[in-house]
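Contents: one structure, followed by commentary.
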Amino acid sequence: MIKVECDGEVLEFSNEISANEVIKKAYGKKSGAVAALVNDEEKDLSYLLTQSCRVEPIQDNSNEGLYIMRHSCAHLLAQAVTELFPNAKPTIGPPIDDGFYYDFFMDPINEDDLRRIEKLMKKIVKQNLPIERQEHNNETLRKMFSDNSFKMEIMDDKIGQEVGSSVYKQGNFVDLCRGPHVESTSKLRWFKLTNTSQAFWRADSSRETLVRIYGMCYSSKEDLQNRENLLREAAKRDHRKLGKDLQLFHIDEMVGQGLVLWTPRGTIIRNELQQFISEHLILQGYQQIYTPHIGKLDLYRTSGHFPYYQDSQYPPIIKRDTLRKLSDENCTCGELSNLMSDGEIDGYMLKPMNCPHHIRVYTSQPRSYRDLPLRLAEFGTVYRWEQSGEISGMTRVRGFTQDDAHLFVTEEQIEQELLGCIELVKVIFGTLGMEDYRVRIGLRASDSDKYVGSPEKWNTAEEACRNAAASLGVEFSEEPGEAAFYGPKIDFVVKDVLGREWQLGTVQVDYNLPERFDLTYVGSDGEKHRPVMIHRAPFGSMERFCGVLIEHFNGMFPTWLSPTQVHILTISEKHKKYAEKIAKTLRDLALRVEVDSGDDTIGKKLRTHRKMRPAYLMILGDDEQKNETVSFMGPDREQNTGILLEKFISDITTEIKSKL
RNA sequence: GCCACCGUGGCUUAGCUCGGUAUAGCGACUGAUUCGUAAUCAGUAGGUCGGGGGUUCAAAUCCCCCCGGUGGCUCCA
């Protein structure tokens with residue numbers, strides 16, 4: 001007698017019975033179950049219950065259920081691929097957010113192949129092939145997959161020599177897998193293959209290159225369509241598209257990859273943001289500085305950025321005389337590079353970060369404990385040679401301006417100063433309504449020796465990071481191994497419309513550079529002490545932040561940020577004078593105003609100007625002119641007719657001042 | 001950097017499979033119109049098809065190289 005607890009009731013069976021039968025009995029035939037939870041362990045529906053236990057269904061629309069379906073869908077993909085491309089070797093195929101992927105060792109495929117594969121998958125779904133689990137010992141498994149070195153490698157690592165494991169079979173396709181899976185291919189109706197890419201076996205670029213095929217998979221047609229709609233909508237607010245449409249920035253192939261040209265309208269947004277930050281810097285006791293865009297190689301030899309990070313830097317600038325001399329001596333590029341690394345040749349480098357310059361501002365004067373914390377801030381432009389394939393719009397570029405600052409502090413001041421930094425980030429994100437961000441604390445990896453600074457100092461700094469994050473009531477995650485080699489950090493990560501995460505603000509503790517530059521301050525004891533540095537950039541970079549902001553606001557910026565705040569449209573040309581008069585009044589108040597008194601119809605003008613998404617669209621005609629009023633549509637899209645100009649002015653200026 | 005795909009006037013785009021110097025709309029400009037809430041009418045200008053090379057009597061169309069973009073991979077001190 002087997003007693004099975006299911007849906008709060010205890011059912012009794014005289015013989016062993018499958019989880020599926022029990023669930024059907026308790027929940028009916030259309031339970032929506034794709035797998036079962038047997039004593040809290042995920043099992044196939046076909047799993048045979050041989051003794052008393054608890055059973056619950058895993059629904060197809062639950063996170064766990066979707067995960068299982070997506071995993072099964074990956075198998076379905078592999079079945080189709082191996083049928084169409086018999087030489088393809090399946091490697092791994094996990095479920096991911098919204099779908100799945102599978103990596104194959106095979107020749108690259110194109111879009112047509114992808115559609116052929118998808119078609120075959122649909123056919124297999126219709127065939128309603130049962131998906132069966134089989135248990136095998138290690139020896140048998142190795143025989144089964146002897147022609148697939150990748151699967152063999154997985155077995156070497158994961159399963160070891162002794163233990164047997166399971167495979168799943170559908171039709172003629174068998175895959176090494178611990179499951180569970182849906183019971184039949186017919187359960188996998190709502191999927192779509194999305195794209196292919198190249199990946200490396202074990203994410204190691206020195207290993208085999210694989211063809212990765214991505215797909216999405218849902219439990220219902222509606223969910224799949226919703227996802228497709230979401231992606232379509234997201235594409236519309238892509239900052240690269242809006243940046244072009246709204247004339248916010250331009251990236252020109254003649255200027256160079258990843259080099260942003262800020263157009264007049266985009267520059268307004270950037271300036272407003274910088275102004276906003278500057279105000280808060282003053283409140284927090286920062287001092288702003290300017291430093292040049294280049295520095296001597298020696299500066300970066302001291303900081304350690306040269307020659308070690310050469311791959312991600314623009315090549316150095318060598319003096320003309322030196323180059324000429326070396327050229328006369330038939331010096332090769334390799335020799336030149338060595339001479340630079342050795343310090344025998346000097347030159348200049350575009351700065352890949354601002355810290356060394358700021359450090360030299362620190363050392364320009366003797367410092368005492370009374371000077372600390374010294375907070376030096378700069379909107380500093382840096383240049384990094386990002387891989388060409390990584391560059392994208394404003395979010396990943398080769399030249400960008402950080403809202404950077406370096407705080408030189410005593411050991412005891414770290415926590416207090418971290419707190420200030422986080423507060424600043426919080427104010428900025430709060431003002432802009434960016435509530436959907438996460439805080440990540442990067443800590444040491446326990447097993448690595450790449451870190452500089454004593455373990456005691458690290459403990460203090462890590463604790464300070466935790467306390468800073470916690471005391472502000474921000475939710476945060478601790479991630480060991482995410483720290484920089486020179487100190488722990490707090491990162492602020494936001495998601496874009498497509499769910500991709502972007503790191504924006506960052507706060508980092510640094511024990512390394514003070515050491516390398518031999519920074520000191522005189523303490524109250526009259527002795528020299530080593531300060532600690534804190535790097536922080538609440539926006540990260542102006543480019544990335546604006547890119548994310550464009551998508552966040554869908555191009556409809558709050559009035560204080562809007563490149564053009566009021567667009568004045570006239571009903572006919574005879575209202576031109578009145579429009580100019582209103583425009584002048586508003587411009588005198590430093591409002592950004594555009595006037596369209598052309599001969600288009602009002603309908604046409606509305607259509608044209610709405611495209612630029614100004615904060616206010618103002619319409620002026622006979623009624624307004626006669627009564628000295630204005631009519632407008634504001635950010636709320638509501639029509640306001642016959643409003644006194646004074647009222648409009650007081651409302652819009654209040655709105656701008658309070659950054660609503 | 002790697003794999004796949006893409007690149008036609010300011011923007012969107014037809015043509016490319018089966019080679020014979022390019023299609024339309026928006027925008028711009030000119031004129032008419034002076035109009036009350038998502039496209040007034042007519043006309044004009046503007047491209048040699050991302051760049052270079054090759055095949056050919058002839059290339060936007062076929063081949064090669066390069067540049068740029070998109071999606072991923074890898075990377076992000």
Side-chain angles (χ1 to χ4, degrees), chain A residues 96 101 103 106-114 194-214 231 235 238 240-241 244-245 247 250-258 300 303-306 308-313 352-353 355 382 384-393 395-398 400 450 482-487 489 491 498 500 502-503 506 508 510 512-513 535 540-541 544 569-576 597-611 617-625 631-633 637 639 641:
Chain A
I96 51 175
Y101 69 79
D103 287 346
M106 66 188 296
D107 291 329
I109 60 168
N110 61 28
E111 187 69 26
D112 286 344
D113 296 326
L114 200 65
T194 50
N195 59 312
T196 68
S197 84
Q198 178 236 34
F200 298 107
W201 173 236
R202 307 230 141 150
D204 180 346
S205 58
S206 67
R207 299 291 308 264
E208 294 86 342
T209 59
L210 307 171
V211 173
R212 176 170 296 181
I213 301 177
Y214 282 91
L231 290 176
D238 188 316
R240 291 166 301 195
K241 177 175 161 43
K244 188 184 260 182
D245 292 348
Q247 297 164 23
H250 172 64
I251 294 170
D252 191 282
E253 59 175 281
M254 200 165 184
V255 174
Q257 269 189 303
Y300 300 105
S303 71
H305 295 109
F306 185 85
Y308 300 108
Y309 295 104
Q310 268 194 90
D311 284 351
S312 43
Q313 289 160 186
M353 73 288 305
C355 356
V382 298
R384 301 180 189 180
W385 189 259
E386 302 289 355
Q387 296 187 80
S388 62
E390 259 314 318
I391 292 168
S392 172
T395 41
R396 196 73 186 273
V397 293
R398 282 187 173 160
F400 55 94
K450 70 169 183 176
E482 283 297 305
F485 72 91
Y486 50 74
K489 59 175 184 172
D491 289 332
L498 289 172
R500 288 180 298 204
W502 292 103
Q503 185 199 308
T506 182
Q508 309 186 356
D510 186 349
N512 179 45
L513 288 177
H535 311 249
S541 81
R544 180 175 289 183
L569 318 181
T570 57
I571 297 290
S572 84
E573 230 164 330
K574 63 185 179 203
H575 309 112
K576 188 170 178 176
S597 50
D599 58 1
D600 282 324
T601 62
I602 188 65
K604 179 61 174 292
K605 286 183 193 176
L606 276 167
R607 192 185 144 78
T608 308
H609 288 266
R610 263 199 254 258
K611 279 186 189 162
L617 269 172
M618 184 179 277
I619 296 172
L620 302 179
D622 285 341
D623 297 345
E624 289 78 12
Q625 189 167 344
S631 298
F632 62 87
M633 271 169 280
R637 306 280 106 184
Q639 170 93 36
T641 310

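The chains referred to below are lettered A, B, ... by the order of the sequence lines, with proteins before strands, and numbering in each begins at 1.
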Are [X] and [Y] close enough that some pair of their side-chain heavy atoms sits under 4.5 Å apart?
{"X": "A/Y486", "Y": "A/L513", "answer": "no"}
{"X": "A/K574", "Y": "A/D622", "answer": "yes"}
{"X": "A/E573", "Y": "A/D599", "answer": "yes"}
{"X": "A/Q313", "Y": "A/H305", "answer": "yes"}

Any donor-acceptor pair under 3.5 Å from A/R396 side chain to A/G389 backbone | no
Just by modelled atom types, is the A/T570 backbone N or O under 3.5 Å from a matching donor or acceptor in the A/K605 side chain?
-> yes
Hey, are A/R240 and A/D238 close enough for a salt bridge, meaning a charged N less than 4.0 Å from a carboxylate O?
-> yes
Nearest whole angstrom, please: distance from the C1' of B/G36 to the CD of A/Q625.
-> 14 Å
Whole-Å distance, A/K605 NZ to B/C35 C1', equals 9 Å
Tell me what [X] touches on the nucleic acid: a base, only sugar-phosphate, or nothing, going by heavy atoms under 4.0 Å.
{"X": "A/E624", "result": "base"}
{"X": "A/I602", "result": "sugar-phosphate"}
{"X": "A/T570", "result": "nothing"}
{"X": "A/D622", "result": "base"}
{"X": "A/G603", "result": "sugar-phosphate"}
{"X": "A/Y308", "result": "nothing"}
{"X": "A/Y214", "result": "sugar-phosphate"}
{"X": "A/Q313", "result": "base"}

Shortest side-chain distance from [X], nucleotide among [options]:
{"X": "A/I619", "options": "B/U37, B/G72, B/C75", "value": "B/U37"}
{"X": "A/R396", "options": "B/C3, B/G71, B/C75", "value": "B/C75"}
{"X": "A/D623", "options": "B/A38, B/A4, B/G36", "value": "B/G36"}
{"X": "A/R607", "options": "B/A77, B/A39, B/G36", "value": "B/A39"}
{"X": "A/D599", "options": "B/U34, B/U37, B/C73", "value": "B/U34"}

If only side-chain N and O atoms of [X] are considered, is one of them under 4.0 Å from the OP1 or OP2 phosphate oxygen of [N]?
{"X": "A/S388", "N": "B/G1", "value": "yes"}
{"X": "A/R240", "N": "B/U70", "value": "yes"}
{"X": "A/K574", "N": "B/C35", "value": "yes"}
{"X": "A/Q257", "N": "B/G68", "value": "yes"}
{"X": "A/Q387", "N": "B/C76", "value": "no"}
{"X": "A/T601", "N": "B/U40", "value": "yes"}
{"X": "A/K604", "N": "B/G27", "value": "yes"}

By nearest-heavy-atom nucleotide on RNA chain B, the more 5' of A/S572 and A/R610 is A/S572
Mapping A/Q508 and A/I391 onto RNA chain B by nearest heavy atom, which one lands closer to the 5' end?
-> A/I391
Contacts under 3.5 Å, N or O only, protein and nucleotides 5-13 of chain B:
none

A/F200 to A/L210 - nearest heavy-atom pair and separation = C-CD1, 4.0 Å
Which atoms form the tightest heavy-atom contact between A/M633 and A/I619, and what is the distance?
-> CE-CD1, 4.4 Å
Considering only the P atoms, how many Å lie between B/A39 and B/A32, rounded to the nearest integer?
-> 24 Å
Between B/C62 and B/A24, how far is it from one P atom to the other, in whole Å?
-> 23 Å
Note every stem involving RNA chain B: at least three consecutive Watson-Crick or G-U wobble pairs, i with j then i+1 with j-1, with both distances under 3.5 Å.
-> B:1-7 with B:67-73, B:10-12 with B:24-26, B:28-32 with B:40-44, B:50-54 with B:62-66
